[in-house]
Number of protein chains: 2
Amino acid sequence: MLAEPEIIARIQERGLRVTRPRRQIVRAVLSQTGPFSAEELLVRLHGNGIAAGRATVFRTLDLLVELGVLDRVHHPSGLHRYVLAGLDHGHYVVCSRCGAVADFNGCNVDDLIAAVVAQTGFRIDGHWLELFGLCAVCQNDTAANCSAAAAG
Amino acid sequence: MLAEPEIIARIQERGLRVTRPRRQIVRAVLSQTGPFSAEELLVRLHGNGIAAGRATVFRTLDLLVELGVLDRVHHPSGLHRYVLAGLDHGHYVVCSRCGAVADFNGCNVDDLIAAVVAQTGFRIDGHWLELFGLCAVCQNDTAANCSAAAAG
DNA sequence: CTATATGCAAATTCTTTGCAAATCG
DNA sequence: CGATTTGCAAAGAATTTGCATATAG
């Protein structure tokens with residue numbers, strides 16, 4: 001996970017300006033402990049007395065994804081969410097129940113793709129992997145609720 | 001993957017009515033070879049002279065997800081898309097250029113999932129893997145046409 | 001000082017909802 | 001027949017865009 005000075009440096013390297021809103025958004029993003037949506041970030045900023053506009057938040061979020069600071073993930077509901085990158089390969093599992101996100105390092109998607117290339121002769125330019133499931137917490141949670149629901 | 005009669009049966013089992021639009025949408029959905037959006041399905045229906053409304057398409061899509069006929073997945077862009085359920089072990093690659101489809105059975109997605117489970121503690125209930133690329137034919141085709149645009 | 005970035009609000013895009021009329025069983 | 005479904009179009013969410021103004025460098 002990148003630190004603020006490095007991110008600022010990357011912005012400058014791109015020939016972009018280090019503006020006040022960008023600094024504020026970078027800082028707010030770095031303080032996130034889990035996945036968040038653009039709207040949630042905006043609310044948080046406003047709560048901290050930072051009056052950034054929606055558009056600026058969306059634009060800066062896109063910038064941070066491009067800079068490799070954030071990864072975009074999708075909640076089962078379809079909401080766009082963001083998580084700090086720096087986790088391995090950019091692959092995540094999203095809990096269908098509570099939205100918790102976990103990354104899996106050392107994933108062998110690349111091996112899988114190599115195998116597919118060998119089998120099909122296709123040239124693979126990209127891939128989209130989505131895993132559905134329940135995090136450890138929700139597994140227990142569900143087990144408790146399931147017995148009640150399933151008992152009927 | 002379920003067949004039409006089974007799906008119709010499931011609808012009836014739920015005490016729901018087997019209406020003409022539902023039949024038509026089920027049929028159209030079953031003929032899909034890859035992931036599709038609600039809008040794409042609507043266009044396809046209209047192209048076949050079936051004048052179903054947007055709302056009905058969305059509602060029926062939701063129903064089919066509930067019935068386990070479809071899985072809802074998310075395109076990287078954020079679009080909601082749908083795929084026939086039960087394809088978990090018959091992954092395929094679609095050629096971005098000519099639409100050729102190749103499947104790669106015996107893939108090691110299961111190994112990948114096992115690793116993810118070990119690493120994250122998540123219970124993985126399903127997965128969707130989509131690969132983008134060019135088939136062998138189009139790789140050559142593209143190489144040849146690169147200088148002289150598509151000669152279709 | 002000049003070009004970039006901001007912020008607002010309107011525009012887009014995708015999806016859902018309300019309700020009268022059509023339809024299934 | 002009576003309750004469920006449909007289809008339309010308007011309502012809603014989420015995100016993007018246009019443009020005058022503020023501001024970084």
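Each chain gets a letter, A, B and so on, in the order its sequence line appears, and its residues count up from 1. Scope of the values below: all heavy atoms of this structure, side chains included, with no hydrogens, waters or symmetry mates.
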Q: Counting side-chain heavy atoms from CB outward, which of D:dT4, C:dT17, D:dT16 is closest to B:Arg17?
A: D:dT4
Q: Would you say the side-chain atoms of B:Gln32 pair up with the backbone N or O of B:Val29, donor to acceptor, closer than 3.5 Å?
A: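 Here the side-chain-to-backbone pair does not exist.
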Q: To the nearest 0.5 Å, what is the distance between CD on B:Gln24 and OG1 on B:Thr56?
A: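 The OG1 atom of B:Thr56 is 10.5 Å from CD of B:Gln24, to the nearest 0.5 Å.
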Q: Rounded to the nearest Å, what distance is computed from the NE2 atom of residue A:His46 to the C1' atom of nucleotide C:dT6?
A: 12 Å
Q: Does a salt bridge link B:Arg54 with B:Glu39, judged by any charged N lying under 4.0 Å from a carboxylate O?
A: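 Looking at B:Glu39 together with B:Arg54, the answer is no, because their closest N to O distance does not fall below 4.0 Å.
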Q: Side chain of A:His80 only, heavy atoms from C-beta on: which candidate in C:dT15, D:dT15, C:dG7 is closest?
A: D:dT15
Q: Find which nucleotide of DNA chain C each of B:Tyr82 and B:Leu16 is nearest to by heavy atoms, and output the residue with the more 5' nucleotide.
A: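 The answer here is B:Tyr82.
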Q: Using atom CZ of B:Arg23 as one end and atom C1' of C:dT23 as the other, report the distance to the nearest whole Å.
A: 14 Å
Q: When the distance from CG of B:Leu45 to P of D:dT6 is rounded to whole Å, what number comes out?
A: 12 Å
Q: Given atom CG of A:Leu42 and atom C1' of C:dC8, what is their separation to the nearest angstrom?
A: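 Rounded to whole Å, this separation is 13 Å.
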Q: Base, sugar-phosphate, or nothing: which does A:Arg22 touch, judged by heavy atoms less than 4.0 Å apart?
A: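 Here A:Arg22 touches the backbone only, sparing every base.
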Q: Want to settle it: does B:Ala38 or A:Arg59 sit nearer the 5' end of DNA chain C, counting the closest nucleotide to each?
A: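 Nearest nucleotide further toward 5': that of A:Arg59.
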Q: Could you check which of C:dC24, D:dG7, C:dT6 has an atom nearest any side-chain atom of B:Thr19?
A: C:dC24
Q: Could you tell me the separation between the OG atom of A:Ser31 and the CG atom of A:Asn48, rounded to the nearest 0.5 Å?
A: 7.5 Å
Q: What's the closest nucleotide to the side chain of B:Pro21 if the choices are C:dT6, D:dT15, D:dT6?
A: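 In terms of side-chain proximity for B:Pro21, the closest of C:dT6, D:dT15, D:dT6 is D:dT6.
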